[in-house]
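A quick write-up on the structure given underneath.
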Amino acid sequence: QTRSLLGVFEEDAAAISNYINQLFQAMHRIYDAQNELSAATHLTSKLLKEYEKQRFPLGGDDEVMTSTLQQFAKVIDELSSCHAVLSTQLADAMMFPITQFKERDLKEILTLKEVFQIASNDHDAAITRYSRLSKRRENEKIKAEVTEDVYTSRKKQHQTMMHYFCALNTLQYKKKISLLEPLLGYMQAQISFFKMGSENLTEQLEEFLTNIGTSVQNVRREMDCEVENMQQTIEDLEVASDPLYLPDPDPTKFPAHRNLTRKAGYLNARNKTGLVSSSWERQFYFTQGGNLMSQARGDVAGGLVMDIDNCSVMAVDCEDRRYCFQITSFDGKKSSILQAESKKDYEEWICTINNISKQIYLSENPEEIAARVNQSALEAVTPSPSFQQRHESMRPAVQSRPPAARTSSTGSLGSDSAALSALSLDSLVAPDTPIQFDIISPVSEDLPGQAKSSGQSGRRTNPFGESGGSKPETEDSILHQLFIVRFLGSMEVKSDESPDVVYETMRQILAARAIHNVFRMTESHLLVTCDCLKLIDPQTQVTRLRFPLPNVVLYATHQENKRLFGFVLRTSGGRVESRQTSICYIFESNNEGEKICDSVGLAKQIAFHAELDRKASEKQKEIDRVKEKQQKELNKQKQIEKDLEEQSRLIAASSRSNQSSTEGQFVVLSSSQSEDSDLGEDGKKKKESEA
């Protein structure tokens with residue numbers, strides 16, 4: 001903004017110089033050409049009339065000045081035919097003030113501009129040398145020299161800049177004086193020449209000129225007062241700004257502000273010039289809403305560098321430079337490495353971008369909300385970046401520890417959630433659980449009956465299938481989807497029934513990372529199958545973690561930042577014996593959170609339908625076995641009936657042959673029984689009815 005404002009003042013000075021040169025030439029014609037006095041006076045009148053058409057960047061709508069010059073133009077036009085030789089009077093009263101303004105004041109502006117440019121270039125060169133300082137301690141002497149050079153050049157630039165700005169401000173008053181004094185002298189010379197009795201000079205004009213003279217004196221006194229005030233301000237600023245000339249001030253005296261949602265300043269940006277080579281360019285960077293902007297010197301406006309809504313920022317070690325940090329866009333496709341000038345700026349830039357990425361700037365009081373979010377995160381989060389602490393916390397405790405103090409959650413990442421604000425933090429997250437930032441123990445420790453074989457823990461896993469003697473456990477799975485993820489952290493939760501659990505865990509883990517400057521993340525490949533979820537090392541293809549799919553009871557992606565997703569794993573055992581625990585794992589992807597959740601949902605659906613098909617198949621087999629058994633029983637019964645019928649026929653035939661002489665009554669009875677056997681049940685009933 002200062003550079004842009006300075007450009008406006010310099011443009012105004014150039015316009016004044018151009019206009020004064022034209023006016024000077026017109027008045028010089030009056031002085032030199034006595035015979036062309038009338039034409040020169042007419043040209044002067046014309047230029048005065050065109051003043052209202054001039055576009056001075058700082059002139060504004062000065063109606064008093066315009067009307068005054070218009071009145072002068074009218075009078076000069078009337079007197080243009082009456083002037084004669086006024087060489088001496090015009091040289092003293094008209095040419096001297098405008099010549100002094102042109103040769104002294106305008107040239108002083110040009111000289112100060114050149115001096116300021118030289119001082120600015122020296123300061124840029126000193127800053128460049130200071131930015132190239134190594135972090136090693138062997139060059140303390142060079143560091144002291146470069147720091148002194150930065151101090152001297154910055155002080156010189158600041159002092160030159162203030163004097164230059166003072167001269168530019170004073171020019172606005174001198175412009176009015178340089179315009180009014182020559183005209184006043186010219187008119188006084190005319191009055192003196194005509195013995196103040198000319199027909200064209202009336203008492204009203206004399207009163208007008210007197211008022212103009214009084215106005216010029218008032219402007220001069222106002223200018224003197226303003227110059228005195230500016231000189232006093234310069235002296236005060238020189239005393240107050242002395243500690244700020246150091247490039248890296250003491251952080252104890254100038255602490256970093258962590259609640260900012262707007263930031264501006266110079267940064268060094270790394271630009272790759274080859275496969276392994278890079279260059280650094282110093283530019284002015286500033287935040288505008290959810291965008292990071294940059295503006296090179298001389299540009300009219302800033303240009304967009306990156307959209308920092310839902311972005312990620314972390315500290316990095318870059319070559320041999322200090323105070324470097326990296327910004328990665330929300331989709332992971334664009335990143336920038338920047339270097340701050342001091343540790344204070346370095347911390348403020350990281351905190352500001354982190355606050356903007358949460359979209360806090362959209363609220364009415366962004367700094368107040370940022371302070372409240374950071375304070376609540378400090379009170380609510382107990383980070384533990386080591387596996388040992390987490391492992392010990394999950395063992396059964398001999399003596400119960402007092403639960404850690406927790407505060408109610410009043411919002412989620414990036415926005416104030418009304419639903420989540422009504423819940424207590426203790427109803428979602430276990431009060432005494434630590435936050436785990438590292439990829440830890442295999443899940444088999446928490447899952448009895450699912451222990452790994454002796455060679456499984458170190459076996460390399462090909463996510464797309466393996467060929468060899470051993471058959472991989474995911475070979476029969478019809479779903480294989482691979483995603484690139486970065487592990488952010490995990491912590492035990494008390495509930496696994498609402499997605500608010502995942503949102504609250506995301507908020508706490510990211511807040512803990514920002515507060516405790518935990519910026520590094522472990523990148524892995526997440527393999528989704530119908531049996532389990534696997535975290536695979538992208539370099540060695542070794543399975544880091546395995547999550548059985550039936551134990552994944554809840555999964556969700558962030559409502560606004562689609563790169564964040566998490567799932568809740570229900571395991572047996574934990575801090576209390578014979579009790580199931582739920583652990584929430586949070587990951588960051590390359591804007592694929594919804595795809596991963598859809599893939600997990602598809603895997604669970606496939607597994608569910610496969611289980612239904614298996615149960616249906618088993619049920620159908622059981623039905624077929626029952627039907628087969630019934631059919632065998634029926635066939636056996638039919639065979640028995642057939643054997644009985646055959647035996648009855650044989651008995652009847654034997655009876656007829658052996659008892660031919662038996663009485664008719666018995667023959668009839670035997671024949672009736674034989675017929676009854678042949679006719680079956682229906683025939684017997686018919687015989688009985690006939691009898």
Heavy-atom donor-acceptor pair, Ser599 side chain to Ile596 backbone, under 3.5 Å: no

Tightest non-hydrogen contact, residues Ala340 and Leu267, listed as CA-CD2, 3.7 Å

_Strictly below 4.0 Å, N to O, side chains only: are Arg104 and Glu108 in salt-bridge contact?_
no

Discussion item. With heavy-atom distances below 4.5 Å as the criterion, would you say the side chains of Glu367 and Leu260 are in contact?
Written reply: yes

Main-chain N/O of Val150 paired with Ser153 side-chain donor or acceptor, under 3.5 Å = yes

Contact between Tyr266 and Ile127 at the side-chain level, heavy atoms closer than 4.5 Å - yes or no? no

So do Phe565 and Val502 actually touch side chain to side chain, heavy atoms under 4.5 Å?
no

_Could you check whether any side-chain heavy atom of Gln283 comes within less than 4.5 Å of a side-chain heavy atom of Arg297, counting everything from C-beta outward?_
no

Interatomic distance, OG1@Thr328 vs NZ@Lys333, rounded to 0.5 Å, equals 14.0 Å

Q. Angle class for the Phe56/Tyr51 ring planes (parallel below 30°, perpendicular above 60°, tilted otherwise)?
A. tilted

message: Evaluate Cys584 against Gln508 for side-chain contact (heavy atoms from CB on, under 4.5 Å), listing each step before the verdict.
response: CA-CA 12 Å; Cys584 185; Gln508 288 207 32; over 6 Å; no

When rounded to the nearest 0.5 Å, the distance separating NZ of Lys143 from CD of Glu148 is 14.0 Å

Next on the checklist: Checking Glu341 against Arg282 for the side-chain contact (heavy atoms from CB on, under 4.5 Å) test, could you report, in this order, the C-alpha distance in whole Å, the side-chain angles of both residues, the deciding distance, and whether it holds?
Outcome noted: CA-CA 10 Å; Glu341 183 177 307; Arg282 188 169 185 264; 3.8 Å; yes

Rounding to 0.5 Å, atoms NZ (Lys156) and NE2 (His123) come to a distance of 12.5 Å

Do Lys344 and Phe254 meet the cation-pi criteria used here (NZ or CZ under 6.0 Å from the six-membered ring centre, within 45° of the axis)?
-> no

Rounded to the nearest 0.5 angstrom, the CG-CZ distance for Asp124 and Arg129 is 10.5 Å

For a side-chain contact (heavy atoms from CB on, under 4.5 Å) check, start with the C-alpha distance between Gln172 and Lys175, then their side-chain angles and the critical distance, and finish with the verdict. CA-CA 5 Å; Gln172 300 303 314; Lys175 177 187 72 173; 3.9 Å; yes

Should Leu171 and Phe9 be marked as a side-chain contact (heavy atoms from CB on, under 4.5 Å) after you check the CA-CA gap, both sets of side-chain angles, and the distance that decides it? CA-CA 10 Å; Leu171 184 64; Phe9 273 83; over 6 Å; no

- prompt: Has Ile142 got more than 12 heavy atoms of other residues, nucleotides or ligands less than 6.0 Å from its CD1?
  reply: no

- prompt: Does any N or O in the side chain of Asp299 come within less than 3.5 Å of the main-chain N or O of Ala296, such that one atom is a donor and the other an acceptor?
  reply: yes

To the nearest 0.5 Å, atom CE of Met314 lies from atom SG of Cys324 at 14.0 Å

key: Check against side-chain hydrogen bond (donor to acceptor under 3.5 Å, both in side chains), Gln232 and Asp236   = CA-CA 6 Å; Gln232 183 63 37; Asp236 296 340; 3.2 Å; yes

- Where the side chain of Thr352 meets the backbone of Thr261, is there a donor-acceptor pair that is under 3.5 Å apart? no

Quick check: does any side chain N or O of Thr287 sit under 3.5 Å from a backbone N or O of Lys263, one acting as donor and the other as acceptor? yes

Is the side chain of Asn21 donor-acceptor paired with the backbone N or O of Ser17 at a distance under 3.5 Å, no angle test?
-> yes

Smallest heavy-atom separation, Glu226 atom then Tyr173 atom, equals CG-OH, 3.9 Å

| Relative to the ring of Phe325, is the ring of Trp349 parallel (under 30°), tilted (30 to 60°) or perpendicular (over 60°)? | parallel

All heavy atoms of Tyr585 vs all of Ser490, minimum pair found to be CD2-CB, 3.6 Å

Closest non-hydrogen contact found for Val313 with Ile350 is CG1-O, 3.8 Å

- Task: Could you tell me whether a side-chain N or O of Glu588 sits under 3.5 Å from a main-chain N or O of Arg486, the two making a donor and an acceptor?
- Result: no

So do Leu535 and Phe587 actually touch side chain to side chain, heavy atoms under 4.5 Å? yes

Margin query: Determine whether the aromatic ring centres of residues Tyr130 and Tyr151 are separated by less than 6.0 angstrom.
Written below: no

TODO: Indicate yes or no: at least one non-hydrogen side-chain atom of Asn169 is less than 4.5 angstrom from one of Cys166.
DONE: no

Output for pair (Ser294 OG, Glu281 CD), nearest 0.5 Å, gives 8.5 Å

Scanning both residues in full, the closest heavy-atom pair of Tyr503 with His558 reads CE2-CA, 4.3 Å

Which of Ile16, Leu48, Leu23, Thr68 passes side chain to side chain contact (heavy atoms under 4.5 Å, CB included) with Leu179? It is Leu23

Looking at Tyr245, I'd like to know if the NZ or CZ of Arg154 sits under 6.0 Å from its six-membered ring centre while staying within 45 degrees of the ring's axis. no

Backbone N or O of Met293 within a donor-acceptor pair of the Asn291 side chain at under 3.5 Å?
no

Exercise. Quick one: are Asn355 and Tyr361 in side-chain contact, heavy atoms under 4.5 Å?
Worked result: no

Heavy-atom side-chain proximity of Arg270 to Gln339 below 4.5 angstrom
no

Exercise for review: Look at the side chain of Asn121 and the backbone N and O of Gln117, then say whether any donor-acceptor pair between them is shorter than 3.5 Å.
Suggested key: yes

- Query: Should we say atom CG of Asn229 is surrounded by more than 12 heavy atoms from elsewhere, each under 6.0 Å from it?
  - Reply: yes

**Request:** Kindly say whether Lys334 contributes a backbone atom to a donor-acceptor pair with the side chain of Ser329 at under 3.5 angstrom?
**Result:** yes

- Residue Lys562 excluded, over 12 heavy atoms near NZ under 6.0 Å: yes

Between Glu103 and Lys107, the two heavy atoms sitting closest are OE1-NZ, 2.9 Å

